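Below is one structure; the comments refer to it alone.
Computed from a predicted model, the values in this text were never measured in an experiment. Order of the sequence lines fixes the chain letters, A, B, ..., with proteins taken first and strands second; residue numbering starts at 1 for each chain.
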Protein chains: 2
Amino acid sequence: MTIDDLVEQLRDRGQRATTARRAVLAELLDAGDTHLTADELARRIHAHHPAIHLSTVYRTLDSLTTAGLIAVARFADQPVTYHLATEVHHHAVCARCGATISFSPRVLEPVARRLERDYGFRADPQHLTIQGLCADCSARSGQSRGS
Amino acid sequence: MTIDDLVEQLRDRGQRATTARRAVLAELLDAGDTHLTADELARRIHAHHPAIHLSTVYRTLDSLTTAGLIAVARFADQPVTYHLATEVHHHAVCARCGATISFSPRVLEPVARRLERDYGFRADPQHLTIQGLCADCSARSGQSRGS
DNA sequence: CTTGATGCAAATGGTTTGCATGTTT
DNA sequence: AAACATGCAAACCATTTGCATCAAG
(Lines give C-alpha, C1' and ligand atoms only; values in the text may rest on other atoms or scores of the structure.)
Protein backbone atom coordinates (compact mmCIF):
# COMPACT_ATOMS: atom_id res chain seq x y z
CA MET A 1 0.00 0.00 0.00
CA THR A 2 1.58 3.25 -1.17
CA ILE A 3 0.48 6.84 -1.31
CA ASP A 4 -0.01 6.53 -5.02
CA ASP A 5 -2.40 3.65 -4.52
CA LEU A 6 -4.37 5.75 -2.12
CA VAL A 7 -4.36 8.76 -4.40
CA GLU A 8 -5.63 6.57 -7.17
CA GLN A 9 -8.47 5.34 -5.00
CA LEU A 10 -9.24 8.94 -4.19
CA ARG A 11 -9.52 9.83 -7.85
CA ASP A 12 -11.62 6.78 -8.48
CA ARG A 13 -14.17 8.15 -6.06
CA GLY A 14 -14.20 11.39 -7.96
CA GLN A 15 -12.21 13.40 -5.45
CA ARG A 16 -9.36 15.72 -6.24
CA ALA A 17 -5.80 14.91 -5.31
CA THR A 18 -4.62 18.00 -3.49
CA THR A 19 -1.51 18.61 -1.47
CA ALA A 20 -3.45 18.53 1.76
CA ARG A 21 -5.02 15.21 0.98
CA ARG A 22 -1.77 13.65 -0.06
CA ALA A 23 -0.20 14.92 3.12
CA VAL A 24 -2.94 13.51 5.32
CA LEU A 25 -2.77 10.16 3.59
CA ALA A 26 1.01 10.12 3.82
CA GLU A 27 0.93 10.75 7.55
CA LEU A 28 -1.71 8.14 8.17
CA LEU A 29 0.25 5.66 6.13
CA ASP A 30 3.33 6.54 8.10
CA ALA A 31 1.50 6.20 11.39
CA GLY A 32 0.68 2.59 10.70
CA ASP A 33 -1.58 1.21 13.40
CA THR A 34 -1.47 4.37 15.41
CA HIS A 35 -4.64 6.38 15.33
CA LEU A 36 -4.16 10.11 15.03
CA THR A 37 -6.32 13.05 15.95
CA ALA A 38 -6.85 15.94 13.57
CA ASP A 39 -4.55 18.01 15.67
CA GLU A 40 -1.78 15.43 15.74
CA LEU A 41 -2.05 15.10 11.99
CA ALA A 42 -1.88 18.84 11.50
CA ARG A 43 1.19 19.04 13.70
CA ARG A 44 2.98 16.33 11.75
CA ILE A 45 1.98 17.78 8.43
CA HIS A 46 3.29 21.15 9.46
CA ALA A 47 6.79 19.74 9.49
CA HIS A 48 6.65 19.52 5.70
CA HIS A 49 3.80 21.81 4.79
CA PRO A 50 3.58 24.63 7.30
CA ALA A 51 0.79 26.30 5.36
CA ILE A 52 -1.75 23.55 5.68
CA HIS A 53 -4.32 24.74 8.12
CA LEU A 54 -5.99 22.70 10.84
CA SER A 55 -9.37 23.46 9.40
CA THR A 56 -8.22 22.04 6.09
CA VAL A 57 -7.13 18.91 7.86
CA TYR A 58 -10.62 18.58 9.25
CA ARG A 59 -12.21 19.08 5.88
CA THR A 60 -9.77 16.68 4.31
CA LEU A 61 -10.47 14.03 6.91
CA ASP A 62 -14.11 14.49 6.17
CA SER A 63 -13.64 13.97 2.44
CA LEU A 64 -11.43 10.97 2.94
CA THR A 65 -13.90 9.40 5.32
CA THR A 66 -16.71 9.95 2.87
CA ALA A 67 -14.56 8.42 0.17
CA GLY A 68 -14.11 5.42 2.41
CA LEU A 69 -10.34 5.73 2.49
CA ILE A 70 -10.06 6.33 6.17
CA ALA A 71 -12.04 5.35 9.22
CA VAL A 72 -12.92 7.11 12.42
CA ALA A 73 -12.32 5.81 15.91
CA ARG A 74 -13.78 7.29 19.02
CA PHE A 75 -12.14 6.58 22.36
CA ALA A 76 -13.98 7.49 25.49
CA ASP A 77 -13.72 11.23 26.01
CA GLN A 78 -10.74 11.79 23.81
CA PRO A 79 -10.96 13.63 20.50
CA VAL A 80 -11.83 11.57 17.47
CA THR A 81 -9.00 9.70 15.81
CA TYR A 82 -8.46 8.58 12.25
CA HIS A 83 -6.68 5.76 10.52
CA LEU A 84 -6.49 4.22 7.07
CA ALA A 85 -9.45 2.01 6.32
CA THR A 86 -7.27 -0.61 4.70
CA GLU A 87 -8.07 -3.10 7.34
CA VAL A 88 -11.01 -3.00 9.64
CA HIS A 89 -10.34 -3.81 13.26
CA HIS A 90 -11.79 -3.23 16.68
CA HIS A 91 -10.44 -2.36 20.06
CA ALA A 92 -10.56 -3.66 23.55
CA VAL A 93 -9.52 -0.92 25.93
CA CYS A 94 -8.53 -1.47 29.51
CA ALA A 95 -10.61 0.77 31.73
CA ARG A 96 -7.87 0.88 34.31
CA CYS A 97 -4.57 1.29 32.51
CA GLY A 98 -5.72 2.32 29.05
CA ALA A 99 -3.96 -0.50 27.24
CA THR A 100 -5.58 -1.26 23.92
CA ILE A 101 -5.82 -4.53 22.04
CA SER A 102 -6.83 -4.71 18.41
CA PHE A 103 -8.95 -7.59 17.34
CA SER A 104 -10.33 -8.86 14.10
CA PRO A 105 -13.90 -8.35 12.93
CA ARG A 106 -14.20 -12.12 12.85
CA VAL A 107 -14.56 -12.01 16.61
CA LEU A 108 -17.83 -10.19 16.15
CA GLU A 109 -19.34 -12.63 13.70
CA PRO A 110 -21.46 -14.44 16.25
CA VAL A 111 -22.93 -11.13 17.27
CA ALA A 112 -23.64 -10.16 13.70
CA ARG A 113 -25.35 -13.46 13.06
CA ARG A 114 -27.44 -13.10 16.13
CA LEU A 115 -28.55 -9.56 15.29
CA GLU A 116 -29.42 -10.61 11.78
CA ARG A 117 -31.40 -13.58 12.94
CA ASP A 118 -33.25 -11.79 15.73
CA TYR A 119 -33.82 -8.40 14.19
CA GLY A 120 -32.94 -8.59 10.54
CA PHE A 121 -30.22 -6.09 11.40
CA ARG A 122 -27.17 -6.30 9.19
CA ALA A 123 -24.28 -5.27 11.37
CA ASP A 124 -21.40 -3.44 9.78
CA PRO A 125 -19.35 -2.44 12.76
CA GLN A 126 -16.81 0.10 11.59
CA HIS A 127 -14.90 0.57 14.72
CA LEU A 128 -15.98 -0.81 18.01
CA THR A 129 -14.44 -0.19 21.37
CA ILE A 130 -15.09 -2.65 24.12
CA GLN A 131 -14.24 -1.75 27.66
CA GLY A 132 -12.91 -4.10 30.22
CA LEU A 133 -9.78 -5.05 32.08
CA CYS A 134 -6.62 -6.23 30.43
CA ALA A 135 -4.96 -9.39 31.68
CA ASP A 136 -2.52 -7.52 33.91
CA CYS A 137 -5.02 -5.25 35.55
CA SER A 138 -7.54 -7.99 36.01
CA ALA A 139 -4.92 -10.18 37.68
CA ARG A 140 -3.82 -7.34 39.90
CA SER A 141 -7.27 -6.31 40.97
CA GLY A 142 -8.74 -9.69 41.81
CA GLN A 143 -12.49 -9.42 42.30
CA SER A 144 -12.69 -5.76 43.24
CA ARG A 145 -13.93 -3.65 40.45
CA GLY A 146 -13.17 -0.07 39.49
CA SER A 147 -15.71 2.30 38.04
CA MET B 1 -38.01 0.87 40.74
CA THR B 2 -38.94 4.16 42.37
CA ILE B 3 -37.13 7.39 43.05
CA ASP B 4 -36.83 6.46 46.68
CA ASP B 5 -35.06 3.26 45.76
CA LEU B 6 -32.62 5.22 43.70
CA VAL B 7 -32.08 7.80 46.40
CA GLU B 8 -31.38 5.01 48.82
CA GLN B 9 -28.79 3.55 46.49
CA LEU B 10 -27.27 6.98 46.23
CA ARG B 11 -26.94 7.25 49.99
CA ASP B 12 -25.51 3.77 50.16
CA ARG B 13 -22.68 4.93 47.96
CA GLY B 14 -22.06 7.80 50.33
CA GLN B 15 -23.48 10.51 48.12
CA ARG B 16 -25.84 13.22 49.24
CA ALA B 17 -29.44 13.27 48.19
CA THR B 18 -29.92 16.76 46.85
CA THR B 19 -32.78 18.31 44.95
CA ALA B 20 -30.78 18.32 41.75
CA ARG B 21 -29.95 14.66 42.02
CA ARG B 22 -33.49 13.68 42.82
CA ALA B 23 -34.68 15.70 39.87
CA VAL B 24 -32.22 14.09 37.47
CA LEU B 25 -33.11 10.62 38.68
CA ALA B 26 -36.81 11.41 38.45
CA GLU B 27 -36.49 12.55 34.85
CA LEU B 28 -34.42 9.57 33.85
CA LEU B 29 -36.91 7.28 35.51
CA ASP B 30 -39.67 9.05 33.68
CA ALA B 31 -37.86 8.82 30.38
CA GLY B 32 -37.81 5.05 30.54
CA ASP B 33 -35.79 3.64 27.68
CA THR B 34 -35.18 7.02 26.14
CA HIS B 35 -31.67 8.28 26.52
CA LEU B 36 -31.39 11.94 27.38
CA THR B 37 -28.65 14.49 26.91
CA ALA B 38 -27.62 16.84 29.68
CA ASP B 39 -29.40 19.62 27.89
CA GLU B 40 -32.62 17.71 27.44
CA LEU B 41 -32.54 16.79 31.10
CA ALA B 42 -31.96 20.37 32.15
CA ARG B 43 -34.85 21.50 30.01
CA ARG B 44 -37.22 18.98 31.54
CA ILE B 45 -36.05 19.68 35.03
CA HIS B 46 -36.60 23.37 34.52
CA ALA B 47 -40.30 22.73 34.28
CA HIS B 48 -40.33 21.93 37.99
CA HIS B 49 -37.11 23.43 39.24
CA PRO B 50 -36.24 26.48 37.18
CA ALA B 51 -33.24 27.23 39.35
CA ILE B 52 -31.29 24.08 38.62
CA HIS B 53 -28.46 25.07 36.38
CA LEU B 54 -27.18 23.15 33.39
CA SER B 55 -23.74 22.96 34.93
CA THR B 56 -25.26 21.38 38.00
CA VAL B 57 -26.93 18.82 35.78
CA TYR B 58 -23.53 17.98 34.35
CA ARG B 59 -21.99 17.65 37.77
CA THR B 60 -24.91 15.61 38.95
CA LEU B 61 -24.68 13.28 36.00
CA ASP B 62 -21.05 12.85 36.79
CA SER B 63 -21.72 11.89 40.40
CA LEU B 64 -24.50 9.54 39.47
CA THR B 65 -22.33 7.85 36.88
CA THR B 66 -19.53 7.44 39.39
CA ALA B 67 -22.02 6.01 41.83
CA GLY B 68 -23.02 3.54 39.17
CA LEU B 69 -26.64 4.62 39.15
CA ILE B 70 -26.67 5.81 35.59
CA ALA B 71 -24.84 4.90 32.43
CA VAL B 72 -23.51 6.87 29.52
CA ALA B 73 -24.27 6.24 25.88
CA ARG B 74 -22.44 7.80 23.01
CA PHE B 75 -24.11 7.94 19.63
CA ALA B 76 -22.09 8.89 16.62
CA ASP B 77 -21.56 12.65 16.65
CA GLN B 78 -24.39 13.50 18.95
CA PRO B 79 -23.87 14.75 22.47
CA VAL B 80 -23.53 12.13 25.16
CA THR B 81 -26.75 10.67 26.54
CA TYR B 82 -27.60 9.18 29.89
CA HIS B 83 -29.97 6.57 31.20
CA LEU B 84 -30.58 4.62 34.38
CA ALA B 85 -28.16 1.78 34.82
CA THR B 86 -30.88 -0.53 36.05
CA GLU B 87 -30.38 -2.79 33.15
CA VAL B 88 -27.38 -2.94 30.91
CA HIS B 89 -28.07 -3.06 27.21
CA HIS B 90 -26.46 -2.29 23.91
CA HIS B 91 -27.55 -0.69 20.71
CA ALA B 92 -27.63 -1.48 17.07
CA VAL B 93 -28.05 1.73 15.14
CA CYS B 94 -29.09 1.93 11.53
CA ALA B 95 -26.56 4.00 9.64
CA ARG B 96 -29.19 5.02 7.13
CA CYS B 97 -32.37 5.84 9.01
CA GLY B 98 -31.07 6.10 12.55
CA ALA B 99 -33.41 3.47 13.95
CA THR B 100 -32.02 1.90 17.10
CA ILE B 101 -32.48 -1.58 18.48
CA SER B 102 -31.58 -2.49 22.04
CA PHE B 103 -30.10 -5.87 22.66
CA SER B 104 -29.06 -7.82 25.68
CA PRO B 105 -25.48 -8.21 26.87
CA ARG B 106 -25.93 -11.93 26.39
CA VAL B 107 -25.48 -11.35 22.69
CA LEU B 108 -21.92 -10.29 23.38
CA GLU B 109 -20.97 -13.30 25.43
CA PRO B 110 -19.22 -15.12 22.61
CA VAL B 111 -17.09 -12.04 22.05
CA ALA B 112 -16.26 -11.75 25.71
CA ARG B 113 -15.26 -15.42 25.85
CA ARG B 114 -13.10 -15.00 22.82
CA LEU B 115 -11.31 -11.94 24.14
CA GLU B 116 -10.70 -13.63 27.44
CA ARG B 117 -9.35 -16.74 25.82
CA ASP B 118 -7.14 -14.99 23.28
CA TYR B 119 -5.92 -12.03 25.28
CA GLY B 120 -6.89 -12.57 28.90
CA PHE B 121 -9.02 -9.48 28.46
CA ARG B 122 -12.07 -9.40 30.68
CA ALA B 123 -14.66 -7.49 28.69
CA ASP B 124 -17.15 -5.40 30.58
CA PRO B 125 -18.92 -3.58 27.79
CA GLN B 126 -20.93 -0.81 29.36
CA HIS B 127 -22.67 0.46 26.35
CA LEU B 128 -21.83 -0.61 22.89
CA THR B 129 -23.16 0.80 19.68
CA ILE B 130 -22.97 -1.33 16.60
CA GLN B 131 -23.55 0.25 13.24
CA GLY B 132 -25.29 -1.40 10.37
CA LEU B 133 -28.52 -1.42 8.44
CA CYS B 134 -31.89 -2.16 9.94
CA ALA B 135 -34.13 -4.70 8.26
CA ASP B 136 -36.10 -2.06 6.36
CA CYS B 137 -33.14 -0.14 5.04
CA SER B 138 -31.22 -3.23 4.14
CA ALA B 139 -34.25 -4.41 2.17
CA ARG B 140 -34.36 -1.24 0.15
CA SER B 141 -30.63 -0.97 0.15
CA GLY B 142 -29.02 1.47 -2.23
CA GLN B 143 -31.22 4.52 -1.68
CA SER B 144 -30.24 7.95 -0.41
CA ARG B 145 -29.58 8.47 3.17
CA GLY B 146 -31.65 10.27 5.76
CA SER B 147 -30.47 11.80 8.99
C1' DC C 1 -21.12 23.46 61.74
C1' DT C 2 -18.53 21.06 58.35
C1' DT C 3 -18.31 19.12 54.06
C1' DG C 4 -19.89 18.91 49.92
C1' DA C 5 -23.24 20.74 46.25
C1' DT C 6 -24.94 24.63 43.60
C1' DG C 7 -25.52 29.03 40.67
C1' DC C 8 -23.43 31.84 37.79
C1' DA C 9 -20.26 33.54 34.53
C1' DA C 10 -16.50 32.80 32.16
C1' DA C 11 -13.14 29.61 30.05
C1' DT C 12 -12.06 25.52 27.35
C1' DG C 13 -11.33 22.55 23.49
C1' DG C 14 -12.64 20.21 19.59
C1' DT C 15 -14.80 21.05 15.46
C1' DT C 16 -17.32 23.82 11.86
C1' DT C 17 -18.27 27.71 8.79
C1' DG C 18 -18.36 32.16 5.72
C1' DC C 19 -15.85 34.24 2.69
C1' DA C 20 -12.25 35.68 -0.37
C1' DT C 21 -8.49 33.49 -2.72
C1' DG C 22 -5.76 29.81 -4.69
C1' DT C 23 -5.46 25.17 -7.03
C1' DT C 24 -6.99 21.09 -9.64
C1' DT C 25 -9.10 19.35 -13.54
C1' DA D 1 -12.61 28.68 -17.24
C1' DA D 2 -15.32 26.09 -13.93
C1' DA D 3 -15.51 23.61 -9.98
C1' DC D 4 -13.68 22.76 -6.05
C1' DA D 5 -10.30 23.10 -2.09
C1' DT D 6 -7.94 26.15 1.04
C1' DG D 7 -6.40 29.83 4.65
C1' DC D 8 -7.92 32.50 8.01
C1' DA D 9 -10.68 34.31 11.58
C1' DA D 10 -14.60 33.91 13.81
C1' DA D 11 -18.51 31.12 15.34
C1' DC D 12 -20.26 27.06 17.65
C1' DC D 13 -21.49 23.74 20.93
C1' DA D 14 -20.92 20.54 24.51
C1' DT D 15 -18.71 20.43 28.59
C1' DT D 16 -15.78 22.15 32.54
C1' DT D 17 -14.16 25.20 36.12
C1' DG D 18 -13.30 29.08 39.79
C1' DC D 19 -15.42 31.07 43.18
C1' DA D 20 -18.71 32.74 46.45
C1' DT D 21 -22.90 31.03 48.46
C1' DC D 22 -26.02 27.51 50.08
C1' DA D 23 -27.87 23.07 51.71
C1' DA D 24 -27.34 18.20 53.54
C1' DG D 25 -25.39 15.34 56.90
Side-chain angles (χ1 to χ4, degrees), chain A residues 3-4 6-27 35-46 48-67 69-82, chain B residues 3-4 6-27 35-46 48-67 69-70 72-82 147:
Chain A
I3 299 171
D4 292 334
L6 292 167
V7 169
E8 197 187 326
Q9 287 181 46
L10 234 201
R11 287 226 170 84
D12 288 350
R13 323 270 163 119
Q15 302 250 35
R16 292 186 177 177
T18 68
T19 314
R21 289 170 187 186
R22 280 172 210 272
V24 167
L25 290 172
E27 291 303 336
H35 297 29
L36 298 175
T37 65
D39 193 66
E40 285 164 349
L41 274 165
R43 237 180 263 293
R44 294 180 182 208
I45 289 171
H46 270 77
H48 306 113
H49 308 275
I52 291 178
H53 200 272
L54 176 59
S55 70
T56 300
V57 172
Y58 274 107
R59 284 191 272 227
T60 296
L61 289 167
D62 201 52
S63 314
L64 296 177
T65 306
T66 303
L69 284 182
I70 65 177
V72 177
R74 198 173 260 290
F75 290 93
D77 288 351
Q78 271 110 270
V80 170
T81 62
Y82 303 83
Chain B
I3 300 170
D4 292 334
L6 293 167
V7 168
E8 196 187 325
Q9 288 181 47
L10 235 199
R11 288 228 171 84
D12 287 351
R13 322 274 161 115
Q15 301 251 34
R16 291 186 178 177
T18 70
T19 314
R21 289 170 186 186
R22 279 172 210 271
V24 167
L25 289 172
E27 290 303 336
H35 297 28
L36 299 175
T37 64
D39 194 66
E40 286 164 347
L41 273 166
R43 238 179 262 294
R44 294 182 183 207
I45 289 170
H46 271 80
H48 305 111
H49 308 274
I52 291 177
H53 200 273
L54 177 59
S55 70
T56 300
V57 171
Y58 275 106
R59 284 191 272 225
T60 296
L61 288 167
D62 201 53
S63 313
L64 296 176
T65 305
T66 303
L69 283 182
I70 65 178
V72 176
R74 199 172 259 288
F75 290 92
D77 288 350
Q78 271 110 270
V80 169
T81 62
Y82 302 84
S147 52

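- With sequence neighbours excluded, the residues forming a salt bridge (charged side-chain N to carboxylate O under 4.0 Å, His left out) with A:Arg43 are A:Asp39, listed by chain and number.
- A search for side-chain contact (heavy atoms from CB on, under 4.5 Å) contacts involving A:Thr65 returns A:Ile70, A:Val72, A:Tyr82, not counting sequence neighbours.
- Going from atom CD of A:Glu40 over to atom P of C:dG13 covers 15 Å, rounded to whole Å.
- Contacts of B:His53 classified as side chain to side chain donor-acceptor pair (under 3.5 Å), with partners at least two apart in sequence or in another chain: B:Ser55.
- When DNA chain D is scanned 5' to 3' for any atom under 4.0 Å from a heavy atom of chain B, the first and last hits are D:dA14 to D:dG25.
- Between the CG atom of A:Leu36 and the P atom of C:dT15 there is a distance of 13 Å, rounded to whole Å.
- Evaluation of the side-chain contact (heavy atoms from CB on, under 4.5 Å) rule for A:Glu40 yields A:Leu36, A:Thr37 as partners, not counting sequence neighbours.
- Scanning for side-chain contact (heavy atoms from CB on, under 4.5 Å) contacts around A:Ala71 gives A:His83, A:Ala85, with sequence neighbours left out.
- The bend of the helix from C:dC1-D:dG25 to C:dT25-D:dA1, defined by the angle between the axes of its first five and last five pairs, stands at 40° to the nearest 10°.
- Atom P of nucleotide C:dT12 and atom CG of A:Asp39 are separated by 16 Å, given to the nearest angstrom.
- In this structure, A:Gln78 atom CD and C:dG13 atom C1' are separated by 13 Å, rounded to whole Å.
- Residues passing the side chain to side chain donor-acceptor pair (under 3.5 Å) test with A:Ser63, sequence neighbours excluded: A:Arg21.
- For A:Arg11, there are no salt bridge (charged side-chain N to carboxylate O under 4.0 Å, His left out) partners two or more places apart in sequence or in a different chain.
- With sequence neighbours left out, B:Arg74 forms a salt bridge (charged side-chain N to carboxylate O under 4.0 Å, His left out) with A:Asp77.
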Note to self: Return a single string for nucleotides 2-7 of chain C, one symbol per nucleotide in 5' to 3' order, where B is base contact, S is sugar-phosphate-only contact and - is none, cutoff 4.0 angstrom on heavy atoms.
What the structure shows: -BBSBB

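- Using a 4.5 Å heavy-atom cutoff, the side chains of B:Leu6 and B:Gln9 are in contact.
- A search for side-chain contact (heavy atoms from CB on, under 4.5 Å) contacts involving A:Ala20 returns A:Thr18, A:Ile52, A:Thr56, A:Thr60, not counting sequence neighbours.
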